[in-house]
Amino acid sequence: MELKKRLVTGTPGRLLVTLIMLALAIVMIMPFIWMISTSLKTPTEVFKYPIEWIPAHPTWEHHLKVWSGPKSFGTYYLNSLKIAFIGMIGATFLSAFAAYGFARIEFKGRNALFMLYLSMMMIPPQVLFVPKFIMFEWAGIYNTHWSLILPGMFTIFGVFMLRQFFLSIPHEISESAFIDGAGHFRIFFRLILPLAKPALATLAIIDFSWQWNDYENALVFLIDERLYTIPLGLQNFILENTVDYNGMMAAASAGIIPMIIVFAIGQRYIIQGLTNSAVKG
């Protein structure tokens, strides 16, 4: 009876919250709808008022322009996919290794070292451009994709998030494995990683989005236009077509397609991974 009363009294509040969230979602998604709609319009329809959200005569001319010609987005797509996938796999694997060490292996000064590691997040990335440039030039990887892939494999946030998840796994599991003669590597690969699939998937999706949208590092460390990624290619397209608003929206639409696909596939992993990572701090 008491539970039924609580459900009845709580319904109006939950309904109000749902309506507010729905209104906010509509407001947030409207720019994306306008972007896609504009990419399918003719130039004379762009500034037509009131706005026609669904073009009367959709045209794919601007999308074809983006994907054809000497500066096709296909090259930028392949470059971005290469950097994002290799960087994502490396960052997820290395972060899991480091997080396991900080969460499951006892050694002197572990917590102090972890706090020192976390403090590196306070350093602005722009401060590291000059040291990175010198180091990449010395290593011979300047103006190559490796100048973006290698630094992207090391993420402080990834180590922190996975460490929090590993701490939520009962230590009795590891202790039982130790009694049976298993070492750290076997425990890591056979026990911890299978249990950490939601957190690993979450980190992989987040890191992929970072790598895909990285503009500053690509701008600083890539010179050859054949190596450009989607953010640089989009910026070049905008600079070369300053009044082609339809083409700009078509290019922007092409740039966000992978992100939409990735988040649509991994949405439930993101929620589950972030929730489990916050269980124990």
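Excluded from the calculations below are hydrogen atoms, water molecules and symmetry mates; all remaining heavy atoms, backbone and side chain alike, are included.
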State yes or no: do M249 and M28 share one hydrophobic cluster built from I, L, V, M, F, W and Y residues joined by side-chain heavy-atom distances below 4.5 Å, directly or via other members?
no
First locate atom CG of N213, then atom OG of S80, and finally report the distance between them rounded to the nearest 0.5 Å.
9.0 Å
Show me the donor-acceptor pairs within less than 3.5 Å that the side chains of residues 85-99 make with the rest of the protein, sequence neighbours left out.
| residue | atom | partner | partner atom | Å |
| --- | --- | --- | --- | --- |
| T92 | OG1 | M88 | O | 2.8 |
| S95 | OG | A91 | O | 2.7 |

Between V27 and L24, is there shared hydrophobic-cluster membership here, with clusters defined by ILVMFWY side-chain heavy atoms closer than 4.5 Å?
no
When you look at F178 and I187, which way does the side-chain contact (heavy atoms from CB on, under 4.5 Å) test go after all the steps?
CA-CA 8 Å; F178 276 123; I187 293 173; 3.7 Å; yes
Under the side chain to side chain donor-acceptor pair (under 3.5 Å) test, which residues partner E216, sequence neighbours left out?
Q126
Determine, using the 4.5 Å side-chain heavy-atom cutoff (strictly less than), whether I123 and I156 are members of one ILVMFWY cluster.
yes
Quick one: side chain to side chain donor-acceptor pair (under 3.5 Å) partners of N79, sequence neighbours excluded?
none
Please name the pair of heavy atoms, one in L203 and one in G158, separated by the smallest distance, quoted to 0.1 Å.
CD1-CA, 3.5 Å
Answer yes if I179 and I192 sit in the same cluster of Ile, Leu, Val, Met, Phe, Trp and Tyr residues linked by side chain heavy atoms under 4.5 Å apart, and no otherwise.
no
When you group the ILVMFWY residues by side-chain heavy-atom contacts below 4.5 Å and let the links chain together, are L81 and I261 in the same group?
yes
Please enumerate all residues that pass side-chain contact (heavy atoms from CB on, under 4.5 Å) together with I26, with sequence neighbours excluded.
L22, M30
With sequence neighbours excluded, what pairs up with P170 under the side-chain contact (heavy atoms from CB on, under 4.5 Å) test?
E172, I173
Within this structure, what is the CG-CD1 distance for the pair L191 and I169, rounded to the nearest 0.5 Å?
9.0 Å
If you count the non-hydrogen atoms of other residues, nucleotides and ligands that lie under 6.0 Å from CZ in F185, is the total more than 12?
no
Rounded distance (nearest 0.5 Å) linking atom CG of N217 with atom CH2 of W210:
13.0 Å
Write out all pairs satisfying side chain to side chain donor-acceptor pair (under 3.5 Å) with one or both partners inside residues 128-141, taking only residues at least two apart or from two chains.
none
Y100 meets the side chain to side chain donor-acceptor pair (under 3.5 Å) criterion, sequence neighbours left out, with H184
Distance-only check: which donor-acceptor pairs under 3.5 Å involve side-chain atoms of residues 143-150, not counting sequence neighbours?
| residue | atom | partner | partner atom | Å |
| --- | --- | --- | --- | --- |
| N143 | OD1 | I223 | N | 2.7 |
| N143 | OD1 | D224 | N | 3.0 |
| T144 | OG1 | I141 | O | 2.5 |
| T144 | OG1 | W146 | N | 3.4 |
| H145 | ND1 | K82 | NZ | 3.3 |
| H145 | NE2 | L227 | O | 3.0 |
| S147 | OG | T144 | O | 2.6 |

Between F73 and Y76, does the ring centre distance come in under 6.0 Å?
yes
Minimum-distance pair of heavy atoms, taken over all atoms of Y215 and P231:
CD1-CB, 3.8 Å
Side-chain contact test, heavy atoms from C-beta onward, threshold under 4.5 Å: evaluate it for L200 versus L193 and give yes or no.
yes
Atom pair CD1/CH2 of I83 and W212 - distance to nearest 0.5 Å
10.0 Å
Determine all donor-acceptor pairs shorter than 3.5 Å in which one atom belongs to a side chain in residues 108-121; sequence neighbours excluded.
| residue | atom | partner | partner atom | Å |
| --- | --- | --- | --- | --- |
| R110 | NE | F102 | O | 3.3 |
| R110 | NH1 | F102 | O | 3.4 |
| R110 | NH1 | I105 | O | 3.2 |
| S119 | OG | L116 | O | 2.4 |

Separation of Y142 OH from F221 CZ (nearest 0.5 Å)
8.0 Å
Heavy atoms of other groups near F32 CZ, more than 12 under 6.0 Å:
no
Which residues satisfy the salt bridge (Lys or Arg N to Asp or Glu O under 4.0 Å) test with E225, sequence neighbours excluded?
K71
Under the rule for side-chain contact (heavy atoms from CB on, under 4.5 Å), what residues qualify as partners of S253, not counting sequence neighbours?
M35, I36, S39, H63
To the nearest 0.5 Å, tell me how far W67 CH2 sits from W60 CH2.
12.5 Å
May I have the step-by-step check of side-chain contact (heavy atoms from CB on, under 4.5 Å) for T202 and F165, ending in yes or no?
CA-CA 11 Å; T202 302; F165 188 94; over 6 Å; no
Tell me, please, which residues at least two apart from I29 pass side-chain contact (heavy atoms from CB on, under 4.5 Å).
I33
